[in-house]
Amino acid sequence: MTKAIVITDVVTTDAGEHHEKATAEQAGQTESSRTVWESAEGIRSGVWEVTPGSFSSTRPEYHEMCQIVSGSATIIEDDGTEFDVQAGSLFVTPEGWKGRWIVHETLRKAWVVIPFAALADPRRSAE
């Protein structure tokens, strides 16, 4: 029997141990991430948290859906377009997306990553 995976409070659930943010633009910014579910095709979902600061971000070969559950940030896309996110914001960064995050207060998101290759699954085209 397949069972649901339930996190009763994504704001307070353990998001894993914090480590230095690899793409941080200043020392001391940390992040944590916990994968909650992963499919055989590499589709994954989980919880991520990052402390204040700024960092560069890319989406090579995958799409990501983000639901912000706490904190706030400004996201600046490569073309200069800016948008603010906070608890309640939902957005998608598609494969190939590039930008920069400026995190104003510790931010936490629930995420779903869909590898570009998972969309080209030959089993899907046979349906």
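This structure is a prediction, so every number in the text was calculated from the model and none was measured.
- Put simply, M65 and I75 are part of two different groups of oily side chains (I, L, V, M, F, W, Y) that touch within less than 4.5 Å, one to the next.
- Panel note: side chain S72, backbone Q86; no donor-acceptor pair is recorded below 3.5 Å.
- For I43, the side-chain contact (heavy atoms from CB on, under 4.5 Å) partners are W37, S39, V112, I114, P115, A118, not counting sequence neighbours.
- A ring-ring contact (aromatic ring centres under 6.0 Å, His included) check over residues 69-90, counting only residues at least two apart or in different chains, returns the pairs F83-F91.
- Heavy atoms only, all atoms of each residue included: E82 and T74 are closest at OE1-CG2, 3.7 Å.
- Connection of I68 to V50 is established within a shared hydrophobic cluster, with ILVMFWY side chains joined at heavy-atom distances below 4.5 Å, either directly or through further cluster members.
- Applying the salt bridge (Lys or Arg N to Asp or Glu O under 4.0 Å) test to pairs two or more places apart or on separate chains, those with a residue in residues 11-34 are K21-E31, E25-R100.
- Residue E38 qualifies as enclosed at atom CD: its count of foreign heavy atoms under 6.0 Å is above 12.
- Evaluation of the side-chain hydrogen bond (donor to acceptor under 3.5 Å, both in side chains) rule for T58 yields no partner, not counting sequence neighbours.
- Placement of V92 and L107 in two distinct hydrophobic clusters is found when ILVMFWY residues are connected by side-chain heavy-atom separations under 4.5 Å, directly or transitively.
- Listed by chain and residue number, E77, T81 satisfy the side-chain contact (heavy atoms from CB on, under 4.5 Å) test with D79 (two or more places apart in sequence, or in another chain).
- Scored by the side-chain hydrogen bond (donor to acceptor under 3.5 Å, both in side chains) test, D78 finds no partners at all (sequence neighbours excluded).
- When hydrophobic clusters are built by joining Ile, Leu, Val, Met, Phe, Trp and Tyr residues whose side-chain heavy atoms come closer than 4.5 Å, directly or via intermediates, V36 is grouped together with L90.
- Under the side-chain hydrogen bond (donor to acceptor under 3.5 Å, both in side chains) criterion, Q67 pairs with no residue, sequence neighbours left out.
- How far CD1 of I7 is from OG of S45: 7.5 Å, rounded to the nearest 0.5 Å.
- The two residues A87 and V69 make their nearest non-hydrogen contact at CB-O, 3.6 Å.
- When hydrophobic side chains of Ile, Leu, Val, Met, Phe, Trp and Tyr are connected at separations under 4.5 Å, I102 ends up clustered with I76.
- Within the 4.5 Å cutoff, side-chain heavy atoms of F55 are placed close to those of V103.
- Scanning both residues, Q29 and A24, for their nearest heavy atoms gives OE1-CB, 3.4 Å.
- E64 pairs by the side-chain contact (heavy atoms from CB on, under 4.5 Å) definition with R59, Y62, C66, T93, K109, W111, V113, not counting sequence neighbours.
- Take H18 and apply the side-chain contact (heavy atoms from CB on, under 4.5 Å) test, not counting sequence neighbours, and it matches T30, S32, E49, T51.
- For T106, the side-chain hydrogen bond (donor to acceptor under 3.5 Å, both in side chains) test picks out no residue, with sequence neighbours left out.
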